[in-house]
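The structure under discussion appears below in the form of structure tokens.
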Amino acid sequence: MILVVGGAGYIGSHLVKELVENQEVVILDNFNTGYEHLVDEKALLIEGDLGDPVVLDKIFTSCKIEAVMHFAANSLVGESVKNPHKYYENNVANTLTLLNSMIKHGVKNFIFSSTAATYGIPEVDLITECSATNPINPYGKSKLMVEEILKDFHDAYGMNYVVLRYFNAAGAHRSASIGENHDPETHLIPIILEHLLGKREQIAVFGTDYPTSDGTCIRDYVHVTDLARAHILSLEALLKGRFSKNTYNLGNGKGYSVKEVIETCERVTNIKATIDYSERRAGDPAILVASSEKIQNELGWQAEHNLESIIESAWKWHSKNALTHS
Ligand code: UDP
């Protein structure tokens, strides 16, 4: 049985949808940022907090857990700057409680959701796992702290782990039954699509004076189901004892500017956007693009979706969602 912490969130729920095909799954979620309608009916749901050792004891004694996948975190850069305590408490201290409980119960396989924010402002065009990690906000720092803890837990307690550093997760499940839904929404693609559906008056483009071809920020967008497959490949490798201490980037290796993302959304939906060119948002590096060669070579992972198909899947989900809630 696999424990998915945060399985009712955006990325966790997409992973669970794939994982339940071959594994028994138990989800632990406190529904702070997750939603009950995202929980897959084939999974066992426990409502509780990953920082609660009593709940963890119950799960680890009543279920035979082979591995833990940990998606439950706060992940908004701006919020982390304003409220670092929340980020260090939930992302670091609570994760430490989870790891301690795993050690106590002899569970030694762990897959950790990390982020491109661990790199800070990169000095290279294509970021590899060897690029310097200099996070510039508490969110990135909190994730890097757990990565450091994992290295020490591996050496001291034999914890086997895979760290997956996501670039910009986007898109929705092919069934259009689940998709990206944050409250409040801060991410670019859902904001554009909500605008094109008439739910927002305009799209604010944060900064037009970056050192990029059109002056707007460049990001590497990766489909949420591609992320889910990377988790499953990592799990298979861990359970076979193939790897014990690995870190992988997950991106498409191709960057798109904010303007290009808006243009692609306009093309996919055949609707014209109204744009408000505004100031830079604090904490945004100009360019973040991943090299994912390492996971391609070691685990055979390949991103199957490009920006266009990411947006097509998101649009399908957003339009369906707009219809069901109107
Ligand atoms: N962005 C924007 N307008 C928005 C939301 C985001 O211009 O309403 C930009 C943001 O500055 C960044 C890119 O879009 O350059 C992706 O931002 P998002 O919040 O989706 O992901 P992040 O890169 O922060 O993880």
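Atoms within each ligand, like the ligands themselves, are counted from 1 in listed order. The structure displayed is predicted, hence computed values, not measured ones.
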Indicate yes or no: at least one non-hydrogen side-chain atom of [X] is less than 4.5 angstrom from one of [Y].
X: Leu227; Y: Leu15; answer: no
X: Tyr248; Y: Leu299; answer: yes
X: Ile46; Y: Ile27; answer: no
X: Val107; Y: Phe60; answer: yes
X: Asn181; Y: Trp317; answer: yes
X: Phe167; Y: Arg219; answer: no

To the nearest 0.1 Å, how far is [atom] from its closest protein heavy atom, and which atom is that?
atom: atom 24 (O) of ligand 1; value: Arg281 NH2, 2.7 Å
atom: atom 11 (O) of ligand 1; value: Asp284 OD2, 2.5 Å
atom: atom 9 (C) of ligand 1; value: Val258 CG2, 3.8 Å
atom: atom 20 (O) of ligand 1; value: Leu188 N, 2.8 Å
atom: atom 15 (O) of ligand 1; value: Cys217 CB, 3.0 Å

Heavy atom under 4.0 Å from ligand 1: found in Thr186's side chain, backbone, both, or neither?
->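 The part of Thr186 near ligand 1 is the backbone, not the side chain.
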Testing Phe110, Tyr166, Trp301 for ring pair (Phe, Tyr, Trp, His ring centres under 6.0 Å) with His231, which one passes?
->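 Result for ring pair (Phe, Tyr, Trp, His ring centres under 6.0 Å) with His231: Tyr166.
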May I ask whether Val77 places a heavy atom under 4.0 Å from ligand 1?
->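 Not so, Val77 does not reach ligand 1.
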Would you check whether [X] has a nitrogen or oxygen atom less than 3.5 angstrom from a nitrogen or oxygen atom of ligand 1?
X: Ile191; result: no
X: Ala204; result: yes
X: Phe206; result: yes
X: Arg219; result: yes

Does atom CZ of Phe31 have more than 12 heavy-atom neighbours from other groups under 6.0 Å away?
->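 Result for CZ/Phe31: enclosed.
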Taking the six-membered ring of Phe153 (Phe, Tyr or Trp), confirm whether the NZ or CZ of Lys151 is under 6.0 Å from its centre and within 45° of its axis.
->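 No, Lys151 does not sit over the ring of Phe153.
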Show which atoms of ligand 1 fall inside a sub-4.0 Å distance from at least one heavy-atom site of Val205.
->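 Those of ligand 1 that fall under 4.0 Å from Val205 are 7 (O).
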Looking at Tyr221, which atoms of ligand 1 are within less than 4.0 Å of one of its heavy atoms?
->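 This gives 13 (C), 16 (C) as the contact atoms.
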Pick from Ile275, Asp220, Asn168: the one approaching atom 21 (O) of ligand 1 most closely through a non-hydrogen atom =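 That would be Asn168.
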